[in-house]
> 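My questions will all concern the structure given below.
Computed over heavy atoms, backbone and side chain alike; hydrogens, waters and symmetry mates excluded.
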Amino acid sequence: MSDSEQTPFQPSFGSFPDVRMRRRRRTPFLRSMVREHALRVDHLVWPVFVQDQPGTTEVTSMPGVLRFGPDVLVDAVGEAQSLGIPAIALFPETPEDRKTPQCEEAWNPDNLVCRSLRTVRDAGIEIGLITDVALDPYNSDGHDGLVRDGKILNDETLECLVRQAICQAEAGADVQAPSDMMDGRIGVLRQALDEAGHQEQCLLSYAAKYASAFYGPFRDAVGSAGRLKGDKRTYQMDPANLQEALQEAELDLAEGADFLMVKPGLPYLDVLHMLSREVSAPLAVYQVSGEYAMLRTAAAQGVLELDACMLESLTAFVRAGASMIFTYFAPDAARALRGA
């Protein structure tokens with residue numbers, strides 16, 4: 001028989017009883033050796049709420065989550081650093097009397113975020129500092145952009161975001177994370193930061209941020225829930241859309257984004273996985289306040305085992321392609337992983 005007439009090799013993976021998949025699951029060491037994805041502490045980013053008063057205040061809609069005053073912030077961040085958490089993300093509860101239609105407090109060099117950045121920097125804690133670039137904590141209308149006659153103003157908002165970003169960079173932020181979803185903001189911020197001498201400043205774009213119902217507890221935490229007039233559907237993404245996320249990601253990368261974010265997390269694992277296949281930039285995901293509150297509440301009622309479900313949900317993000325996971329569980333997850 002000539003070579004051309006030989007039957008092509010056809011690999012066979014066999015079947016039961018020759019193949020028993022359970023062999024590889026029999027003991028802990030076997031399971032660990034064939035594990036395809038592993039959650040690590042250095043995947044975690046801890047969102048930290050800061051308040052303009054001493055001590056701590058619990059966020060009632062997020063059991064176990066606290067707002068930290070300036071007198072206790074350093075201790076909290078220091079503990080996170082000791083657990084191996086590589087970065088925190090700061091979110092302010094802005095006093096009501098500092099919220100205005102023009103959002104001037106956003107670029108006040110002595111605002112709560114800037115003071116918090118300097119406090120942590122002055123304490124010498126070696127941890128990454130990420131800041132939110134958006135106007136909702138400072139807006140008397142509760143929106144991420146300026147509002148006129150009920151309409152969110154895109155281009156006018158960009159000018160405000162530039163001033164906010166430069167202010168944060170000068171206060172010591174390592175990474176700035178625009179979450180506003182205004183068109184063109186990454187390009188405008190990149191140019192402005194570069195021209196201001198902040199060429200090394202990283203931009204983590206909330207590229208695929210959906211108009212989700214899972215944000216409610218967060219809005220309580222930063223005090224924007226009662227202020228919000230209308231909804232955010234004209235600038236945040238429609239939950240029904242998938243391919244649009246890819247277009248948003250490509251635009252932000254072309255404008256100079258260093259990392260990309262998908263938000264929320266578990267309800268949008270398909271989006272995260274698609275982007276992990278289609279773009280080359282590192283991806284972040286945000287396990288949002290509603291996701292956190294559901295797990296906490298179910299565990300408190302004895303329906304779920306908290307640590308197991310927490311770690312399983314976080315591992316799902318790694319499996320789907322995330323390099324960074326923003327989660328309120330970060331300290332608990334870090335302790336669980338160290339214990340494991």
> Working to the nearest 0.5 Å, report the span between OG1 of Thr327 and CG of Leu295.
9.0 Å

> Might you confirm whether atom CD of Gln53 has over 12 heavy atoms from other residues, nucleotides or ligands at distances under 6.0 Å?
yes

> Dump the intermediate steps for side-chain contact (heavy atoms from CB on, under 4.5 Å) on Asp52 and Arg98, then the final yes or no.
CA-CA 11 Å; Asp52 205 9; Arg98 297 181 197 170; 3.0 Å; yes

> CZ of Arg23: more than 12 outside heavy atoms within 6.0 angstrom?
yes

> Run the side-chain contact (heavy atoms from CB on, under 4.5 Å) check on Gln243 and Met274 step by step: do they pass?
CA-CA 9 Å; Gln243 291 302 317; Met274 178 193 69; 3.8 Å; yes

> Does a side chain donor of either Gln51 or Thr57 reach within less than 3.5 Å of an acceptor in the other side chain?
yes

> Which atom names give the shortest non-hydrogen contact between Thr131 and Ala173, and what distance separates them?
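Of all heavy-atom pairs spanning Thr131 and Ala173, the closest is OG1-CB, 3.7 Å.
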
> Taking atom CG of Asp174 and atom CD of Gln168, what is their separation to the nearest 0.5 Å?
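One gets 12.0 Å once the value is rounded to the nearest 0.5 Å.
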
> Hey, could you give me the NZ/CD distance between Lys209 and Glu248, rounded to the nearest 0.5 Å?
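Nearest 0.5 Å value for the NZ-CD distance: 12.0 Å.
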
> Just wondering, are more than 12 heavy atoms of other shown residues or ligands nearer than 6.0 Å to CZ in Phe326?
yes

> Verify, without hydrogens or angle tests, whether Tyr268 (side chain) and Pro239 (backbone) share a donor-acceptor contact under 3.5 angstrom.
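No.
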
> Using every non-hydrogen atom in the two residues, find where Arg185 and Pro178 come nearest and quote the distance to one decimal.
NH2-O, 3.3 Å

> Does Leu39 offer a backbone N or O that forms a donor-acceptor pair with the side chain of Thr315 under 3.5 Å?
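Checked: no pair found.
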
> Hey, quick one: are Val147 and Trp107 part of the same hydrophobic cluster, counting side-chain heavy atoms closer than 4.5 Å, chains of contacts allowed?
no

> Do Asp42 and Arg40 sit within salt-bridge range, that is, some charged N less than 4.0 Å from a carboxylate O?
yes

> Looking only at non-hydrogen atoms, find the nearest pair between Phe317 and Leu266 and report the distance.
CE2-N, 3.4 Å

> Find the distance between CG (Leu158) and CE (Met182) and round it off to the nearest 0.5 Å.
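The distance works out to 8.0 Å.
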
> Using 4.0 Å as the upper bound for N to carboxylate O, is an ion pair formed by Arg118 and Asp110?
yes

> Please examine the side chains of Leu146 and Cys103, heavy atoms only from C-beta on, and report whether any two atoms are closer than 4.5 Å.
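Contact flag for Cys103/Leu146 side chains = yes.
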
> If you round to the nearest 0.5 Å, how far is CZ of Arg335 from CZ of Arg338?
9.5 Å

> Please list, chain by chain and in numerical order, all residues satisfying side chain to side chain contact (heavy atoms under 4.5 Å, CB included) with Met33, sequence neighbours excluded.
Phe29

> Is there a ring-ring contact (aromatic ring centres under 6.0 Å, His included) between Tyr328 and Phe49 once you walk through the steps?
CA-CA 10 Å; Tyr328 305 99; Phe49 296 113; 5.8 Å; yes

> Before accepting this row, confirm whether a basic side-chain N of the pair Asp258/Arg190 lies closer than 4.0 Å to the acidic partner's carboxylate O.
yes

> Say whether, by atom type as modelled, one donor and one acceptor occur between the side chain of Ser313 and the main chain of Met310 under 3.5 angstrom.
yes

> Determine whether more than 12 heavy atoms belonging to other residues, nucleotides or ligands lie under 6.0 Å from atom CD of Gln199.
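Yes, CD of Gln199 has more than 12 neighbouring heavy atoms, counting only those of other groups under 6.0 Å.
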
> Do Leu66 and Phe68 pass the side-chain contact (heavy atoms from CB on, under 4.5 Å) test, and can you show the C-alpha distance, the side-chain angles, and the key distance before you say yes or no?
CA-CA 6 Å; Leu66 303 174; Phe68 296 95; 4.1 Å; yes

> Is the backbone N or O of Met181 less than 3.5 Å from a side-chain atom of Gln236, with the two atoms forming a donor-acceptor pair by type?
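Such a contact is absent between Gln236 side chain and Met181 backbone.
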
> Just how far is it from atom CG of Asp144 to atom CD1 of Ile152, taken to the nearest 0.5 Å?
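Interatomic distance, Asp144 CG to Ile152 CD1, rounded to 0.5 Å: 8.0 Å.
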
> Looking only at heavy atoms, which two atoms of Glu291 and Pro264 are closest? And how far apart?
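Heavy atoms only, the tightest pair is OE2-CB, 3.5 Å.
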
> For Ile125 versus Gln81, what's the shortest heavy-atom pair and its separation?
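Looking at all heavy atoms of both residues, the shortest contact is CG2-CB, 3.8 Å.
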
> Please check: side-chain N/O of Asp332 versus main-chain N/O of Asp307, any donor-acceptor pairing under 3.5 Å?
no

> Leu275 and Ala249: which non-hydrogen atoms are nearest, and at how many Å?
CD2-CB, 3.9 Å

> Start with the C-alpha gap between Gln176 and Leu189, add the side-chain angles, then the distance that decides, and say whether side-chain contact (heavy atoms from CB on, under 4.5 Å) holds.
CA-CA 10 Å; Gln176 290 172 294; Leu189 290 173; over 6 Å; no

> Could you tell me whether the side chain of Phe214 reaches within less than 4.5 Å of the side chain of Pro267, counting heavy atoms only?
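Answer yes - side chains close enough.
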
> With no hydrogens and no angle check, is any side-chain donor or acceptor of Asp132 less than 3.5 Å from a backbone partner on Phe91?
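No.
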
> Would you say that more than 12 heavy atoms from the other residues, nucleotides or ligands in this model lie under 6.0 Å from the CZ of Arg233, or not?
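Result for CZ/Arg233: open.
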
> For the residue pair Tyr286 and Tyr206, does the interplanar ring angle fall in the parallel (under 30°), tilted (30 to 60°) or perpendicular (over 60°) class?
tilted

> Under 3.5 Å, side chain of His273 to main-chain N/O of Asp270, donor-acceptor pair present?
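The answer is no, because no donor-acceptor pair under 3.5 Å joins these two groups.
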
> Got a sec: does the CD of Glu305 have more than 12 other heavy atoms crowding it under 6.0 Å?
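Yes - once you tally the heavy atoms of other residues, nucleotides and ligands closer than 6.0 Å, there are more than 12.
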
